[in-house]
Amino acid sequence: MKLNRRTLAAAIACAPLAGLLPAAAWAQKPIVLGFSQVGAESEWRTANTESIKSAAKEAGIELKFSDAQQKQENQIKAIRSFIAQKVDVIAFSPVVESGWETVLREAKAAKIPVVLTDRAVNVKDTSLYVSFMGSDFVEEGRKAGRWLVEKMKDQKGEVNIVELQGTVGSAPAIDRKKGFEEIIKADPKFKIIRSQTGDFTRAKGKEVMEAFLKAEGKKINVLYAHNDDMAIGAIQAIEEAGMKPAKDITIISIDAVKGAFEAMIAGKLNVSVECSPLLGPQLMAAVKDIKAGKAVQKRIVTEEGIFPMEVAAQEFPKRKY
Ligand code: AHR
C-alpha cells in the first residue's frame with residue numbers, strides 16, 4: 001500500500017485495524033505518558049504541574065494527567081488505570097515513600113516502564129522503576145542546617161527551634177529532617193523543641209505555628225519549615241501573635257518559589273533553600289529515550305542553590321517559578 005497524507009490519516013483513524021497498518025504509519029503515533037501528580041498543595045506543586053504539562057505539549061507527547069489530591073490510594077488507582085489503557089510510559093511523584101511494590105509489579109508485568117519524578121519510593125527491587133529524577137532532599141536539609149549554624153555561630157545560649165514537617169511519610173519530609181538534624185547535632189546548643197507536620201500547605205503551616213506559639217511563645221528562636229508555603233502560613237501566625245518574623249524568629253524554608261522571594265524582600269523570611277519543580281523537559285527527554293530503547297540514568301539529581309534574604313531582590317527577576 002502506498003501512503004500519502006490522506007491515506008495515512010485514514011489509516012490512523014482506523015486504529016482498530018492496527019494490525020494492517022504499516023510501520024511508517026505507526027511511527028506517527030504520539031507517545032502516551034500517564035502521569036500521576038501528588039496534588040496541588042503548594043506553589044511548588046503548581047509550578048511542577050505546569051512544567052510537566054507544557055513540556056509534554058512541546059515534546060508532542062500525549063499526556064494523561066491525574067491529580068491524586070494528596071492520597072496514595074488515588075495514585076494507585078491512576079497507575080492501574082494507566083496500565084489498563086496500555087500507555088507507553090508511566091511517571092509519578094509518589095505522595096509517600098512506602099506501599100508501592102504491588103502496583104509497580106503490575107506495571108512491570110504489563111511491560112510499562114515507570115519513571116519517578118520529584119520523590120522517591122522505598123522498594124527493595126529497584127528494577128521496578130527505570131529512573132528517578134529530582135532533588136536531593138537530604139542535601140537540602142543539610143543546606144538549611146549549615147546556614148543556621150553559620151548564622152548562629154556567635155550565639156552563646158540555647159537556640160530553640162520549631163520544625164514544620166512536610167507530609168508524613170513523604171520523602172522530602174523524611175529527608176529534609178534527616179539532613180537538617182545531621183548538621184545541627186554537632187552543637188548541643190541547637191534544640192528542636194517542637195516538630196509537627198503542616199502537610200506542605202499554608203493553612204496547616206499557620207495552624208501548627210499558632211499552636212507552637214501558644215505552647216512556647218517567646219522561647220522560639222528559629223522556625224525550620226520543610227517548604228515555603230508552610231513558612232508563609234507561619235509568618236501570618238507570628239505577625240498575628242504580635243511578633244516580627246525574621247527578626248524575633250529566624251525563619252528558614254525550602255523551595256525558593258516566588259512567594260518566598262516576596263516574603264524575603266518584605267523582610268519576613270531569612271532564607272530559602274532551592275528545590276526546583278521544573279522537571280518537565282527532563283522527564284519528556286527520558287520518556288523519548290525509553291521509547292527509543294536508549295539507556296537512561298537510574299538517578300538524575302537536580303542542581304540547586306540557596307537564597308538568603310540579602311540577595312532576594314536581585315535574584316527575584318530571574319526566578320522562573
Ligand atoms: O516534593 C517536593 C515538595 O512537595 C516541595 O518542597 C513542596 O512544596 C511540595 O509540596
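Start at 1 and go down the list; that is how both ligands and their atoms are numbered. Numbers for residues simply follow the sequence, beginning at 1.
Residue pairs satisfying the ring-ring contact (aromatic ring centres under 6.0 Å, His included) criterion with at least one member in residues 276-321, sequence neighbours excluded, are listed as follows: Phe261-Phe307.
Pocket lining of ligand 1, defined as residues with a non-hydrogen atom under 4.0 Å away: Glu41, Ser42, Trp44, Arg45, Asp118, Arg119, Phe137, Pro172, Arg176, Phe200, Asn227, Asp255.
The side-chain tip of Arg194 does not point at the ring of Phe212 from less than 6.0 angstrom away and within 45° of straight on.
The residues Glu210 and Lys206 are annotated as salt-bridged, a charged nitrogen and a carboxylate oxygen being separated by less than 4.0 angstrom. Electrostatic pairing of Asp229 and Arg45 does not count as a salt bridge here, judged by no charged N lying under 4.0 Å from a carboxylate O.
Every residue two or more places apart in sequence or in another chain that forms a salt bridge (Lys or Arg N to Asp or Glu O under 4.0 Å) with Lys219 is listed here: Glu216.
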Listing, residues 180-188 side-chain donor-acceptor contacts under 3.5 Å, not counting sequence neighbours, or none:
unit_1	atom_1	unit_2	atom_2	d
Glu181	OE2	Lys177	NZ	2.8
Glu182	OE1	Arg142	NE	3.4
Glu182	OE2	Arg142	NE	2.8
Asp187	OD1	Lys189	N	3.0

